**Student:** 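First the structure, then my questions, so here it is.
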Amino acid sequence: MKHLSKIMTCFLALILMLVFVGCSKSSNSTGATTATSTSTASTSLTSSSSSPAETKSTNPEIGEAFDTVVNITLMNSKPEITDALEAGAELFGDIYNVNIEIFETDNPGLTISQRYASGDPATIAIVDAAQVKELAGQRIADLSDEKWISVGGDVMGYNVGGKIYGMPLTIESMCILYNKTAIEETLGRTFNADDYITTSAFKGLLEELAANGMETPTILCSEDWAVGHKPIQYVYDCQDGTKAGAISFLKAVNAGEANFWDNEVFQKVYDSLDLFIEYNINRNDPLAADYDLNASYLAEGDSAFWLNGTWAWPDFEPYAVEGSEYGIMPLPIEGGEAEGKVVVDSTKYVVLDVINSSENQQKAAKMFMNWLVFDPAGQDVLINKCQIVTAFSNIELPPTNPFNEALAEYIAVGLTMDGASYMPSDHRSLNAAKMQAYVDGKATRRDIANMLDSYWREHLPVE
Amino acid sequence: MISRNLNPKMEVNSVFGKLNSRSDITMSMKISNKTKVFQYLTFAGPSVFFFIAVVILPLIYGIYLTFTDWNGISIDMNFVGLANYKSVIHDTLFWKALGLTVLYSIVSVVTINLVAFGLAYLLTSGIKGQNFLRTGFFTPNLIGGLILGYIWQFLFSRVLTNLYDLISIDLFRRSWLSSPGTAFAALVIVTTWQYSGYMMLIYVAGFLGVPQDMIEAAKIDGASEGTITRKIRLPLMMPSIVTCLFLSITRTFKLYDLNLSLTEGGPYGSTKMAAMHIFTKAFEEYQYGIGQAEAIVFFIIIAIIALTQTYLGKKKEVEM
């Protein structure tokens, strides 16, 4: 019995020791340890990178391969590109002797907070603007001196106090997605989106489509981020098409010098949104709309216009009909600076941890960023595998899907507006629900104006 | 019980037989204490360690965070005194969410326990296939709240609305999840479906614990089935009732997963419960200090309600 007790004690002590070891902070001090990670990605990389690269690769734009394996981690908050990133990381790792372990999250704010709290942040993190804002100057590196800054990184990178803290990963557009084939088949004539950039022209088109059998030619989502938050952003974006113009208006509201109801742009945007609500394919039960079904309605031609953005392609693609033409156009608006322009913004940024990452790890992370921008193989990963529109002018590969192709054309001719990246972090949680109620007919335009007035009286845009 | 009444000297002698001197007794008592400590560490130590590590320490750290302006990410963390608690008082959305949570809990606790009690009554009455039925009713509890939410979301938003095309009952014309009243009802229905099977098992144990001879004696005395349940079963099943009420109150108050997957707080924020509001505050609005303060207030409220209920329930327990 006594022996049994001793054995039990030793056994439990051993378990506790293992737990302690498991919970303790992994050693990052050297940054050049042998690969022992357990993720699928790293497992596949370990064998290829456990020995120094056979041929020491040197590329002036990227850097020199490491002699021993450098392990870094990458937090990806854009799950649809994880597979492509993993393939790219393996390719890069083989050449430069870097083992990149990728993990994904759909809540970057929460995950990054947890990682920092546990002392195990990712070396590189793909995050939203809100997280760059919170991390800048404290936990993430100033990337202002990186090579990619000179090829567009300075324009679209996330700037805090004159320094670039976030490398722009992807450019996306908030716009109207349309099915050209379905419109032309219904109308029996050629459709040119440029002819319908005003509310009055667009209204006429919707009436014509309805009269010709497509009774509900528009599609609205039900999600609060889509139908609750984005329409409000249009009010800011369309002020004069610039970030400065929007901020100036919001500051005026804050100071009590302006209000939303008397704002011409507010009324124009809501005139346009009302058309979408009136002709919505989900109008009998707008808040029960399903995102995938919406994608299928547009792709298969049940409806013609979807108020959404270019990010919808991965969800849209499975329903896309071969031979059908799809495109993007601006939210129709009657006159003003916003007429005929789509909202364009960098929606994901790459940031680099400086708190827990060693010099080697930081160097490896910067090399990976440069590889994506300057190496043809990296560019292929970015444009063809991840299917994104890039901010970097040196990349000449054409976009890969109809929405991105159309976006590239808008960017090329300069018909773009700045996206709203200055909203406080509680903007969505406090305002989006009321906008959903508006779509469902349970709130009035006046209610929305009053809500926005109250919100901006107590908040200032985050510059 | 017997050993407690023994003289310590006698007790030690009984254990060690030949020990007589004072020093020997002291020595043996020391060994005995050491063994006790070893035994405690062996059996309770790991549990205590993990309880302290994952419950007590985070709670203490969480309380500390309520006095700071930490946003959840930043290195900066300034002491702000009671400012976060003042913000909690002025956060009308929090109190609205808390009020809704209380209402939801009251309705759900009643429905869960009524359904569970009814099922337990039926499934201890000797009906055919009662073991199979017990398993069937318990199964929903094995499915996680998130999965349950998505399954029922499909039912409410797709299946029932398609049913309307067949039978044209106005109740199914729109998705139950797209108007506040029916979305709330949907939450209650799914919660009841999820937990009543689990509570049913506890009630079944309670029913089986009631002595049959007492019920037979009551029947001989002419008591009706209703009187037997009211006067005999219910008082004797009070421990089961207290347990079920405690479990259902705490579980419904802490609702998050089902809230997220079934209604996502919608339509237009009308079903956002307290836990979801706290999560939004801490992790989406980056107001961690306020979110944590709201969590502490929420914790205290749940603790008061649950402990009061347990205390009152225990007072009603009877012993045979």
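Scope of the values below: all heavy atoms of this structure, side chains included, with no hydrogens, waters or symmetry mates. Within every chain, numbering begins at 1; the chains are lettered A, B, ... in the order of the sequence lines, protein sequences first and strands thereafter. Treat the numbers as computed from the prediction; the structure is a model and nothing was measured.
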**Student:** For chain A, which candidate among B/Tyr268, B/Phe279, B/Tyr286, B/Phe283 shows the most heavy-atom pairs at distances under 4.5 Å?
**Tutor:**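 Of the options given, most contacts go to B/Tyr268.
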**Student:** Select one option (side chain, backbone, both, neither) describing which atoms of A/Ala289 are under 4.5 Å from chain B's heavy atoms.
**Tutor:**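 Contact with chain B: backbone only.
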**Student:** Under 3.5 Å, is there a donor-acceptor pair between the B/Asn84 and B/Ser87 side chains?
**Tutor:**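 The answer is no; no qualifying pair exists.
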**Student:** Please classify the contact between B/Glu264 and chain A as side chain, backbone, both or neither, with a heavy-atom cut-off of under 4.5 Å.
**Tutor:**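 Nothing of B/Glu264, per the 4.5 Å heavy-atom cut-off to chain A.
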**Student:** Could you tell me which of A/Ile355, A/Leu430, A/Leu287 has the largest number of non-hydrogen atom pairs under 4.5 Å with chain B?
**Tutor:**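 Most heavy-atom pairs under 4.5 Å with chain B: A/Leu287.
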**Student:** B/Tyr288 and A/Ser113: side-chain donor and acceptor closer than 3.5 Å?
**Tutor:**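 No, no side-chain donor-acceptor pair sits under 3.5 Å.
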**Student:** With the threshold set at 4.0 Å, does a side-chain nitrogen-carboxylate oxygen contact exist between A/Arg445 and A/Asp274?
**Tutor:**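 Yes, this pair counts.
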**Student:** What part of B/Ile73 gets within 4.5 angstrom of chain A, counting heavy atoms only: side chain, backbone, both, or neither?
**Tutor:**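 For B/Ile73, backbone and side chain are both near chain A.
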**Student:** Does any heavy atom of chain B fall under 4.5 Å from the side chain of A/Asn107, the backbone, both, or neither of them?
**Tutor:**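 Contact with chain B is through the side chain of A/Asn107 alone.
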**Student:** Considering only heavy atoms and a distance below 4.5 Å, find which of A/Ile112, A/Asp224, A/Asp290, A/Val439 pairs most often with chain B.
**Tutor:**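 Option with the top pair count is A/Asp290.
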**Student:** May I have the step-by-step check of side chain to side chain donor-acceptor pair (under 3.5 Å) for A/Asn294 and A/Tyr319, ending in yes or no?
**Tutor:** CA-CA 10 Å; A/Asn294 281 348; A/Tyr319 304 100; over 6 Å; no
**Student:** Answer with side chain, backbone, both or neither: which region of B/Thr280 has an atom nearer than 4.5 Å to a non-hydrogen atom of chain A?
**Tutor:**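 For B/Thr280, side-chain heavy atoms alone lie under 4.5 Å from chain A.
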**Student:** Can you list every salt bridge (Lys or Arg N to Asp or Glu O under 4.0 Å) pair that touches residues 173-189 of chain B, not counting sequence neighbours?
**Tutor:**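 Of all non-adjacent pairs touching residues 173-189 of chain B, those that pass salt bridge (Lys or Arg N to Asp or Glu O under 4.0 Å) are A/Asp285-B/Arg174, A/Asp440-B/Arg174, B/Asp170-B/Arg173.
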**Student:** Quick one: side chains of residues 144-160 of chain B, donor-acceptor pairs under 3.5 Å with protein atoms, not counting sequence neighbours, listed by atom name and distance.
**Tutor:**
| unit_1 | atom_1 | unit_2 | atom_2 | d |
| --- | --- | --- | --- | --- |
| B/Ser157 | OG | B/Gln153 | O | 3.3 |
| B/Ser157 | OG | B/Ser175 | OG | 3.0 |
| B/Arg158 | NH2 | A/Ala288 | O | 2.9 |

